[in-house]
Student: 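After the structure tokens below, expect a handful of questions from me.
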Amino acid sequence: MKLWKEILSRGFTNSTVAFNTMIGGLCKMGKVVEAKVVFDRMKELGCSPDEITYRTLSDGYCKTGSVIEAFRIKDMMERQTISPSIEMYNSLIYGLFKSRKSSDVADLLVELRTRGLSPDTVTYGTLIYGWCNEGKLDKAFNLYFEMIERGFSPNFFICSKIVSSLYKNDRINEATVILSKMVDFDLLTVHKCSDKSVKNDSISQEAQRIADSLDKIAICNSLPSNIVYNIAIYGLGKSGKIDEARSVLSILLSRGFLPDNFTYGALIHACSAAGDVDGAFKLRNEMLARGLIPNITTYNALISGLCKLGNMERAQRLFHKLPQKGLVPNVVTYNILISGYCRSGDLNEASNLREKMIEEGIS
């Protein structure tokens with residue numbers, strides 16, 4: 001900001017590049033309000049915004065969920081006879097999903113094509129991510145196949161999103177048969193399932209088509225990233241195969257794999273869900289020994305495990321220790337504890353927690 005003030009004081013007010021750089025930096029930091037101030041100042045000083053200016057500010061609004069403001073910037077740009085690029089449309093699609101306005105996505109795609117623009121890899125990736133998050137995997141699958149037919153190759157992030165979404169929807173076999181093409185070990189054997197068992201599931205024909213498509217593209221010639229390994233561990237845990245997940249982790253550690261919060265979070269959640277709270281806490285300690293700091297999601301899993309065992313006293317103690325760990329309980333934390341007390345018949349404590357939740361402004 002000091003450097004920016006110096007730039008303005010020296011009279012460099014006609015540089016669109018300088019303004020775009022400042023707006024872009026502020027947007028990357030999530031400071032869209034400040035970016036809009038710079039944008040307004042730019043116009044006051046007679047420096048004309050260009051397509052990059054409008055696109056950058058619109059993208060900033062989309063990433064913060066202010067999609068209405070993003071569309072206002074687009075309208076402002078069009079009044080200056082500057083046509084939106086495919087990059088701007090990609091941002092707007094992302095913004096619509098983030099703002100829970102997915103019903104407007106179809107109209108935006110029609111507009112995009114009407115302007116003579118064609119979806120690119122980022123467009124398809126954004127759409128697949130969005131529909132996966134909405135739980136509409138049929139739409140995500142259709143877009144994947146459309147993407148392949150148009151000659152675009154899916155990357156690890158797109159495939160990983162599809163796989164993780166299948167696991168979250170308990171479509172274990174389908175997820176596994178796709179993921180098995182993305183890792184460099186026999187995941188089907190670890191999962192104790194086979195191609196035959198997958199094909200017996202009529203719904204999984206689409207997943208099999210995705211798996212088959214991965215044999216034909218370069219994605220299979222690349223080493224998997226930590227994201228893919230983490231999804232493999234998550235999938236095993238989701239399937240209740242905790243020992244197998246630990247075994248895979250051991251193999252990966254010997255290869256130089258660096259586990260992160262997601263790795264341990266997935267294992268801790270699996271142990272807690274299976275009632276192995278001691279195992280979950282051992283993993284937490286192992287995580288700390290590696291210099292990893294558990295987040296609120298990890299502690300929610302531990303509290304959930306304790307509640308399922310009916311150990312409400314220990315769950316409550318852990319809850320009260322969260323501020324000491326630099327963590328703030330969220331709505332999930334409260335819901336877990338309230339449900340635990342309701343199951344144990346302690347409605348007074350459940351009511352007290354509900355009141356505390358309201359006082360904290362958590363809804």
Student: Do N348 and S351 have a side chain donor and acceptor closer than 3.5 Å?
Tutor: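 No, because no side-chain N or O of N348 sits under 3.5 Å from a partner of the opposite role on S351.
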
Student: Taking the six-membered ring for Trp, are Y124 and F152 parallel (under 30°), tilted (30 to 60°) or perpendicular (over 60°)?
Tutor: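 If you compare the ring of Y124 with that of F152, the planes turn out tilted.
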
Student: Look at the side-chain heavy atoms of Ile, Leu, Val, Met, Phe, Trp and Tyr, link any pair under 4.5 Å apart, and say whether L214 and I162 land in one connected group.
Tutor: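 Yes, one cluster joins them.
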
Student: Using a strict cut-off of less than 4.0 Å between a Lys/Arg side-chain nitrogen and an Asp/Glu carboxylate oxygen, indicate whether D59 and K63 qualify as a salt bridge.
Tutor: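 Salt bridge between D59 and K63, a charged N being under 4.0 Å from a carboxylate O: yes.
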
Student: Report yes or no: is the cationic atom of R317 (NZ for Lys, CZ for Arg) closer than 6.0 Å to the six-membered ring centre of Y299, at no more than 45° off its axis?
Tutor: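 R317 over Y299 ring: no.
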
Student: In terms of side-chain geometry, is the basic nitrogen of R150 or E146 positioned less than 4.0 Å from the acidic oxygen of its partner?
Tutor: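 Looking at R150 and E146, the cut-off is not met.
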
Student: Can you tell whether the side chains of K356 and E359 come within less than 4.0 Å, N to carboxylate O?
Tutor: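 Looking at K356 and E359, the cut-off is not met.
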
Student: Can you tell me if CZ on F157 sees more than 12 non-hydrogen neighbours from other groups inside 6.0 Å?
Tutor: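 Counting other residues, nucleotides and ligands, CZ of F157 stays at 12 neighbours or fewer.
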
Student: Hey, is R79 close enough to D75 for a salt bridge, meaning N to O under 4.0 Å?
Tutor: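 Looking at R79 and D75, the cut-off is not met.
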
Student: Between the side chains of T176 and N173, is a donor N or O closer than 3.5 angstrom to an acceptor N or O?
Tutor: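 There is no such pair between these side chains.
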
Student: Between E6 and K2, is there a side-chain N and carboxylate O pair less than 4.0 Å apart?
Tutor: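 Not counted as a salt bridge, because no side-chain N and carboxylate O are separated by less than 4.0 Å.
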
Student: Check the pair W131 / F97 against ring pair (Phe, Tyr, Trp, His ring centres under 6.0 Å), numbers first and verdict last.
Tutor: CA-CA 8 Å; W131 291 125; F97 278 117; 5.0 Å; yes

Student: Do NZ/NE/NH1/NH2 and the carboxylate oxygens of E206 and R171 come within less than 4.0 Å?
Tutor: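 Looking at E206 and R171, the cut-off is not met.
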
Student: If the threshold is 4.0 Å, N to carboxylate O, is there a salt bridge linking R115 and E111?
Tutor: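 Here R115 pairs with E111 in a salt bridge, since their nearest N and O are under 4.0 Å apart.
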
Student: Using ring centroids (six-membered ring only for Trp), state whether F319 and Y334 fall under 6.0 Å.
Tutor: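 Yes: the rings meet the under 6.0 Å criterion.
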
Student: Quick check: W4 with F12 (ring centres under 6.0 Å apart)?
Tutor: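 No: the rings miss the under 6.0 Å criterion.
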
Student: Fit a plane to each ring of F262 and Y234, take the angle between them on a 0 to 90° scale, and name the class: parallel (under 30°), tilted (30 to 60°) or perpendicular (over 60°).
Tutor: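 Aromatic pair F262/Y234 classed tilted.
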
